[in-house]
Every structure is written in C-alpha cells, then in structure tokens.
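Down below is the structure, laid out as structure tokens.
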Amino acid sequence: MADMRPLREELQATLDARRDLGPEYEQALVDSFIERLDTTIAARVRAEVDSYGPPPGRKQKSRGGEMIPIALGSLGLGIPLTAIAGSAAEELGLILAWVSIIVVNLVAAMAISRRG
C-alpha cells in the first residue's frame with residue numbers, strides 16, 4: 001500500500017489544531033480533513049484505474065460513421081453526373097463518371113481505415 005505518512009501527518013495536524021482551537025472549531029477541522037482525505041482517495045483510485053488501461057468490454061469508436069457523408073455526397077453528385085455524362089458522352093460518359101465516384105470512395109475508405 002502507498003505511504004500513509006502524509007495522511008497521518010494531516011490527521012495529527014488536525015488533532016493538534018483541535019486541541020489548540022477548542023471544540024467550537026471541531027466541525028470545520030473534521031470537514032477540512034475529510035475533504036483532503038477524499039482528494040487523496042480519488043487520486044489513488046484514478047491512478048489504480050489508469051494502470052489497468054481501458055476496460056476490456058469497451059470497443060473503440062467505429063470509424064464507419066466517417067464514410068457516411070462521403071457516400072451520401074457521392075450519391076448526391078452521382079445523379080446529376082449521370083444525367084450530364086449520359087447526355088454528353090452516352091455509355092462511355094456514364095462508365096467514366098461512376099468509375100470516378102467509386103475510386104473517390106475507395107480512396108476515402110482506405111485513408112480512414114489507415115487512421116484507425
């Protein structure tokens with residue numbers, strides 16, 4: 001267990017102050033000591049929890065949500081591009097437009113998966 005000396009010294013100082021100040025300050029001294037004790041306990045618990053790392057049941061946030069705006073944007077732009085490419089360059093234009101959209105989505109997906 002961690003060194004208890006600082007807490008013992010705090011308690012001794014609180015008891016000495018109670019002796020010097022009298023019983024009318026007892027409640028304030030006890031409250032002050034309890035607050036320092038709570039802070040010390042919280043720090044120890046935090047250090048202990050941090051030493052174990054994240055809980056095993058927790059999964060990291062999925063990065064799949066980052067692709068949603070890209071996919072929706074691609075579909076939104078795909079409709080007018082299909083109309084323009086189909087009327088201007090017919091089948092070759094349609095193929096070129098959709099291959100370009102697919103390539104953009106694949107590159108975006110690969111970049112997102114590399115970050116995560």
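Keep in mind it's a predicted model, so treat the numbers as computed, not measured.
- How far CZ of Arg44 is from CD of Glu48: 11.0 Å, rounded to the nearest 0.5 Å.
- The two residues Thr82 and Gly78 make their nearest non-hydrogen contact at OG1-O, 2.5 Å.
- Atoms CG and CD1, from Leu75 and Ile70 in turn, are 12.0 Å apart once rounded to the nearest 0.5 Å.
- To the nearest 0.5 Å, atoms OG1 (Thr39) and CD1 (Ile34) are separated by 11.0 Å.
- The closest side-chain heavy-atom distance from Leu11 to Leu7 is not below 4.5 Å.
- Taking every heavy atom of both residues into account, Pro23 and Arg18 meet most closely at CB-NH2, 3.6 Å.
- Linking Ile, Leu, Val, Met, Phe, Trp and Tyr whenever their side-chain heavy atoms come within less than 4.5 Å leaves Ile68 and Val104 in two separate clusters.
- Contacts of Thr40 classified as side-chain hydrogen bond (donor to acceptor under 3.5 Å, both in side chains), with partners at least two apart in sequence or in another chain: none.
- Under the side-chain contact (heavy atoms from CB on, under 4.5 Å) criterion, Ile41 pairs with Leu37, Val45, sequence neighbours left out.
- Residue Glu24 qualifies as enclosed at atom CD: its count of foreign heavy atoms under 6.0 Å is above 12.
- No side-chain heavy atom of Val30 sits under 4.5 Å from any side-chain heavy atom of Thr14.
- For the side-chain contact (heavy atoms from CB on, under 4.5 Å) test, residues two or more places apart in sequence or in another chain that qualify with Ala85 are Ala97.
- No continuous path of ILVMFWY side-chain contacts below 4.5 Å connects Phe33 to Leu29, so the two sit in separate hydrophobic clusters.
- If you take CD1 on Ile112 and CD on Glu66, they are separated by 5.0 Å, rounding to the nearest 0.5 Å.
- If you take CD1 on Ile84 and CD1 on Ile79, they are separated by 12.0 Å, rounding to the nearest 0.5 Å.
- In this structure, CG on Asp31 lies 11.0 Å from CZ on Arg36, to the nearest 0.5 angstrom.
- Of the possible donor and acceptor atoms, none in the side chain of Ser32 sits under 3.5 Å from a partner among the backbone N and O of Ala28.
- The hydrophobic clustering, which links ILVMFWY residues whose side-chain heavy atoms are closer than 4.5 Å, places Val103 and Leu94 apart.
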